[in-house]
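Reviewing the structure listed below.
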Amino acid sequence: MAKGPLILVFLGCWLASGSASELSEYLKIRKKYGISQPTTSAALQTLVGYGVFEVKALVKGTLRTDEITKLLLEGAGGSSIAVSSLESGKWLEVPNTRARIIFLAKRENETAPLTAEIISAIPEDQIAYWEAEQARKAQSKARAKQTEVTRGKHPAVLRVPSGWSEAAVKAVPLYAKFIRGWNPRLDEKKAWEIAVGIIGFSLQYGIDARLITAMVLVESGFNPSATSRKGAMGLGQLMPGTAKGMGVRNAYDTYENLWGTVRLIRGHLEKYKIVTPGGQKYGDLVLALAAYNAGGGAVRKYGGVPPYRETQGYIQKVIAWYKRLSGN
């Protein structure tokens with residue numbers, strides 16, 4: 001790995017702070033490259049290969065010479081990444097400025113210098129506000145879809161949203177029975193609510209509902225009010241920072257928590273995709289569960305499952321229950 005500051009050559013153009021049109025243009029570029037969520041500048045320091053990334057960057061300060069001005073971006077462990085500043089990027093030269101940057105990054109091997117071509121940039125607060133609004137709208141829409149209640153033979157049973165397959169509809173009472181059997185303190189309505197949430201969000205995000213069931217069982221024992229010693233909350237035991245970052249306002253709410261849980265494991269499965277010799281992609285479940293429990297940073301640090309007893313035990317329990325629920 002190369003030592004010292006990494007010099008990024010910015011060949012694109014900065015966006016000045018401000019208008020809705022600039023945000024619109026930034027979002028178009030983001031969509032063009034299929035970007036759904038950002039990474040941190042620290043991730044660049046371990047990059048080998050190339051790709052287009054969106055980075056949350058913090059400007060620590062500037063270095064000025066007679067000819068150029070360089071920005072010092074915060075890297076891992078308090079290190080700095082030196083990048084060239086352009087005239088149109090004066091707003092970035094203010095210390096502690098937070099920005100979102102899209103660029104093409106490349107490093108040919110571990111000892112080669114990192115280079116990057118800036119594609120676009122915008123103040124962090126602008127894009128963060130937009131993301132929070134999108135998350136709020138998506139969560140509200142999903143919650144409205146999931147929480148319809150009907151009166152009938154079953155008191156206050158949640159109505160299954162329209163569009164579900166017959167198999168999914170029939171699965172709801174089976175899941176609810178299993179959930180309540182595991183946690184008899186739940187009333188029938190709450191067990192159905194959890195079942196509908198698990199199945200509904202699993203369908204929405206393309207995840208096997210039996211995997212989510214196994215995770216929630218191991219995480220909280222289907223207790224929506226569960227809180228760990230480290231502060232993890234609710235059914236999927238979301239940490240406060242993770243919940244906030246995903247737009248989950250109340251981690252003890254059944255639907256909000258499951259919405260965040262399913263999206264989080266889906267993201268990890270996407271990140272740790274492996275390509276088979278035949279070209280087929282599949283998610284590495286072991287690494288995804290390790291990242292869910294210990295964080296993606298720990299997986300990256302150890303190059304696989306971290307040597308944490310808790311994490312290793314968690315993976316074994318979830319996979320064991322997943323196999324059992326799948327009939328294996």
Side-chain angles (χ1 to χ4, degrees), residues 36-37 128-151 154-164 168 171-173 175-268 292-293 295 314 318:
S36 59
Q37 55 186 338
Y129 178 81
W130 177 85
E131 286 176 332
E133 283 298 299
Q134 295 304 303
R136 182 188 62 78
K137 290 177 182 179
Q139 189 275 329
S140 296
K141 183 178 179 180
R143 184 174 182 178
K145 184 178 180 181
Q146 301 280 16
T147 55
E148 294 177 319
V149 178
T150 183
R151 296 176 182 176
H154 194 290
V157 168
L158 296 171
R159 180 188 303 162
V160 175
S162 60
W164 280 22
V172 173
Y175 275 66
K177 182 179 180 180
F178 175 80
I179 290 167
R180 198 176 184 204
W182 185 266
N183 183 3
R185 293 183 179 181
L186 297 173
D187 60 28
E188 198 167 4
K189 179 182 176 182
K190 178 58 71 173
W192 272 67
E193 183 179 275
I194 296 172
V196 170
I198 288 175
I199 295 172
F201 291 123
S202 295
L203 288 172
Q204 182 178 348
Y205 291 99
I207 298 293
D208 191 335
R210 293 168 295 188
L211 172 60
I212 303 304
T213 302
M215 290 177 61
V216 174
L217 186 157
V218 175
E219 290 285 357
S220 67
F222 301 110
N223 179 5
S225 302
T227 304
S228 75
R229 290 176 296 177
K230 295 180 180 180
M233 303 175 289
L235 291 166
Q237 290 290 274
L238 299 176
M239 293 298 290
T242 301
K244 183 178 179 180
M246 300 187 73
V248 175
R249 296 186 177 185
N250 180 7
Y252 295 105
D253 177 88
T254 297
Y255 290 122
E256 287 198 51
N257 190 289
L258 291 174
W259 175 64
T261 296
V262 175
R263 288 171 59 224
L264 185 57
I265 190 64
R266 170 70 182 186
H268 289 315
Y292 187 95
N293 179 264
Y314 171 77
V318 171

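Since this is a predicted model, take the numbers as computed values, not measurements.
Nearest heavy atoms, M233 versus A243: CE-CB, 4.3 Å. When all heavy atoms of S220 and G234 are compared, the closest pair comes out as CB-O, 3.6 Å. Smallest separation of non-hydrogen atoms from R180 and D187: NE-C, 3.9 Å. Considering every non-hydrogen atom in both A209 and I198, the closest pair reads O-CG2, 3.6 Å. Taking all atoms of both residues into account, the shortest heavy-atom contact from G231 to P240 is O-CD, 3.5 Å. The minimum heavy-atom distance linking A176 with W192 is given by the pair CB-CD1, 3.5 Å.
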Audit row: L235, I194, side-chain contact (heavy atoms from CB on, under 4.5 Å) steps and yes/no: CA-CA 9 Å; L235 291 166; I194 296 172; 4.1 Å; yes
side-chain contact (heavy atoms from CB on, under 4.5 Å) evaluation trace for I265 with Y205: CA-CA 10 Å; I265 190 64; Y205 291 99; over 6 Å; no
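In this structure, W259 CH2 and T254 OG1 are separated by 15.0 Å, a value rounded to the nearest 0.5 Å. Atom-to-atom distance recorded for Y175:OH and F222:CZ is 10.0 Å, nearest 0.5 angstrom. Residue R266 holds its CZ atom at 11.5 Å from CG of L211, rounded to the nearest 0.5 Å. Expressed to the nearest 0.5 Å, how far CG of L264 lies from CE of M239 amounts to 12.0 Å. Residue I207 holds its CD1 atom at 9.0 Å from CE of M215, rounded to the nearest 0.5 Å. Rounding to the nearest 0.5 angstrom, the gap separating the NE2 atom in H268 from the CG atom in N293 is 10.0 Å.
Legend: residues meeting salt bridge (Lys or Arg N to Asp or Glu O under 4.0 Å) with R263, ordered by chain and number and at least two apart, are absent.
Judged by distance alone, the side chain of R136 and the main-chain N or O of G247 form no donor-acceptor pair under 3.5 Å. Side-chain N or O atoms of N257 include one that pairs as donor or acceptor with a backbone N or O of A251 at under 3.5 Å.
Sorted by first and then second residue, the side chain to side chain donor-acceptor pair (under 3.5 Å) pairs with a member in residues 239-251 form an empty list; sequence neighbours excluded. Applying the salt bridge (Lys or Arg N to Asp or Glu O under 4.0 Å) test to every pair with at least one member in residues 212-226, sequence neighbours left out, gives no pairs at all.
Below 30°, between 30° and 60°, or above 60°: for Y314 and Y292 the angle between ring planes is below 30°, a parallel geometry.
For the pair I179/V216, no side-chain contact is recorded, criterion being any heavy-atom separation below 4.5 Å from C-beta on. Side-chain contact between T261 and F201 is absent, with no heavy atoms from C-beta onward closer than 4.5 Å.
Under the 4.0 Å criterion applied to side-chain N and carboxylate O atoms, D208 and R210 are assigned as salt-bridge partners.
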